[in-house]
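First the structure, in the form of structure tokens, and then the observations on it.
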Amino acid sequence: MAIIFTKTLMELMSALTPENSAEKLTSKLSRHIDCCAGIAILPTAYPFFRGYKLAEQLCDSAKKSMRLLLPPDLNDKENLTAADIPFSSSWLDYAILHGEQAPTLEQIRATEYSGTRGNLHFGPYRVANETAQNSINRRQNIENLLSCASQFSNGKMARNKVKELRGVLQRGKDDTARFLRQLRYQGQDLPDVPDWNFLKTPEFLLWTAENNSQTPYVDAIELKDFYDAGVAEQWKLK
């Protein structure tokens with residue numbers, strides 16, 4: 001629920017306040033607020049203070065993604081305001097901890113989310129980016145992650161194949177190509193996420209081709225066990 005609720009709150013902050021709202025704001029005063037968030041999903045017995053510090057680190061990670069999109073003249077500017085940023089850019093990052101793990105986000109990502117081909121974590125994810133026309137700019141949209149997790153949760157692929165995919169993504173291209181051939185032979189397919197479907201082609205084999213290669217499917221596999229279809233339906237998510 002945390003990601004769904006945080007996404008909704010960030011979208012409300014990003015949306016312009018209507019001029020006919022109860023606050024009677026004029027168009028000059030009615031403006032959006034860009035923001036960042038970090039979400040730590042923890043085992044019940046995990047020390048709360050360490051979880052809070054991890055959430056702060058995740059928020060810092062989201063802020064780095066926000067700054068990457070800033071024009072060069074604003075990148076080093078302190079105390080940025082909404083008026084300084086020429087477009088909407090709100091981001092969130094999250095981590096799911098499974099028992100006792102390394103104390104810092106950097107260590108967790110290095111030990112738990114590093115595969116032969118690159119980074120097994122695809123985030124941070126962008127919120128309130130529905131106006132982007134280019135699919136490259138939509139890759140990191142949080143809607144893609146939620147859609148993929150939902151399809152995994154609803155049985156888009158057999159459970160044993162979803163579990164196998166998690167291991168395959170940690171290995172090389174040959175293993176990935178073999179897995180995809182087997183999947184097609186069995187009449188199955190990966191979730192249909194339009195902004196990610198280019199990754200299914202032989203050219204990409206489930207990974208982006210940039211210098212710091214990433215795959216989004218591990219995030220979705222892990223999130224599927226936390227995805228609540230009832231809550232998503234109430235909040236108008238698919």
Side-chain angles (χ1 to χ4, degrees), residues 3 38-43 54 57-58 60-62 64-65 68 91-126 135-136 138-142 144-153 156-186 188-227:
I3 291 178
I39 302 169
I41 300 174
L42 315 168
L54 178 61
Q57 294 171 41
L58 288 159
D60 288 340
S61 172
K64 288 179 182 177
S65 290
L68 284 175
W91 296 77
L92 70 80
D93 203 359
Y94 76 96
I96 301 172
L97 270 62
H98 308 280
E100 190 68 21
Q101 288 177 280
T104 68
L105 179 62
E106 184 177 352
Q107 291 171 319
I108 291 171
R109 296 270 160 86
T111 57
E112 304 290 335
Y113 294 90
S114 180
T116 301
R117 297 175 63 190
N119 192 347
L120 296 169
H121 177 62
F122 200 60
Y125 290 91
R126 195 167 179 181
S135 62
I136 294 177
R138 295 195 304 264
R139 288 181 189 176
Q140 306 293 135
N141 281 11
I142 189 68
N144 293 330
L145 172 66
L146 293 172
S147 174
C148 192
S150 173
Q151 292 179 60
F152 276 138
S153 179
K156 173 69 176 180
M157 287 171 54
R159 286 195 174 195
N160 66 315
K161 283 299 177 184
V162 176
K163 184 177 180 180
E164 183 182 349
L165 175 59
R166 177 67 167 83
V168 165
L169 289 167
Q170 293 179 297
R171 303 195 291 272
K173 287 185 176 181
D174 290 342
D175 290 310
T176 305
R178 190 179 306 112
F179 175 83
L180 292 175
R181 286 197 300 271
Q182 291 175 350
L183 205 63
R184 287 193 293 270
Y185 178 76
Q186 294 172 355
Q188 298 189 59
D189 193 10
L190 290 163
D192 180 23
V193 182
D195 292 329
W196 290 357
N197 283 346
F198 75 98
L199 296 170
K200 301 180 187 179
T201 64
E203 178 185 357
F204 292 95
L205 291 175
L206 308 187
W207 287 77
T208 60
E210 289 84 356
N211 291 332
N212 298 318
S213 294
Q214 297 173 287
T215 181
Y217 294 104
V218 171
D219 285 351
I221 290 169
E222 292 194 338
L223 191 63
K224 75 178 180 62
D225 293 329
F226 295 88
Y227 190 84

Verify whether one side chain among [X] and [Y] offers a donor that lies under 3.5 Å from an acceptor in the other.
| X | Y | answer |
| --- | --- | --- |
| Y113 | Q214 | no |
| D219 | Y125 | yes |
| D195 | N141 | no |
| Q151 | S147 | yes |

Report the distance from atom [atom1] of [X] to atom [atom2] of [Y], rounding to the nearest 0.5 Å.
| X | Y | atom1 | atom2 | result |
| --- | --- | --- | --- | --- |
| K224 | L145 | NZ | CG | 13.5 Å |
| L97 | E112 | CG | CD | 8.5 Å |
| L199 | W207 | CG | CH2 | 10.5 Å |
| R178 | K173 | CZ | NZ | 14.5 Å |
| R181 | T176 | CZ | OG1 | 10.5 Å |

Is [X] reaching over with its side chain to a backbone N or O of [Y], donor-acceptor style, under 3.5 angstrom?
| X | Y | result |
| --- | --- | --- |
| D175 | R171 | no |
| S61 | Q57 | no |
| Q170 | T116 | no |
| S213 | T208 | yes |
| N119 | T215 | no |
| T111 | Q107 | yes |
| Q140 | P124 | yes |

Presence of salt bridge, K200 and D189, under 4.0 angstrom: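 Looking at D189 and K200, the cut-off is met.
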
Residues W196, F122; criterion ring-ring contact (aromatic ring centres under 6.0 Å, His included); working and verdict: CA-CA 11 Å; W196 290 357; F122 200 60; 5.7 Å; yes

Working for side-chain contact (heavy atoms from CB on, under 4.5 Å), residues L180 and L206: CA-CA 9 Å; L180 292 175; L206 308 187; 4.2 Å; yes

Any side-chain heavy atom of [X] within less than 4.5 Å of one from [Y]?
| X | Y | result |
| --- | --- | --- |
| L169 | R117 | no |
| I221 | K163 | no |
| R126 | R138 | no |

L58 vs I39, side-chain contact (heavy atoms from CB on, under 4.5 Å): CA-CA, chis, key distance, verdict: CA-CA 7 Å; L58 288 159; I39 302 169; 5.6 Å; no

Nearest heavy-atom neighbours spanning V193 and N144: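 Reported closest heavy-atom pair: CG1-OD1, 3.5 Å.
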
Nearest heavy atoms of A95 and L54, plus distance in Å: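 Closest approach of A95 to L54: CB-CD2, 4.5 Å.
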
Contacts of type side chain to side chain contact (heavy atoms under 4.5 Å, CB included), residue L183, not counting sequence neighbours: M157, K161, F179, Q188, L190

From CA spacing to verdict: side-chain contact (heavy atoms from CB on, under 4.5 Å), I142, L92: CA-CA 8 Å; I142 189 68; L92 70 80; 4.1 Å; yes

Working for side-chain contact (heavy atoms from CB on, under 4.5 Å), residues L223 and F152: CA-CA 9 Å; L223 191 63; F152 276 138; over 6 Å; no

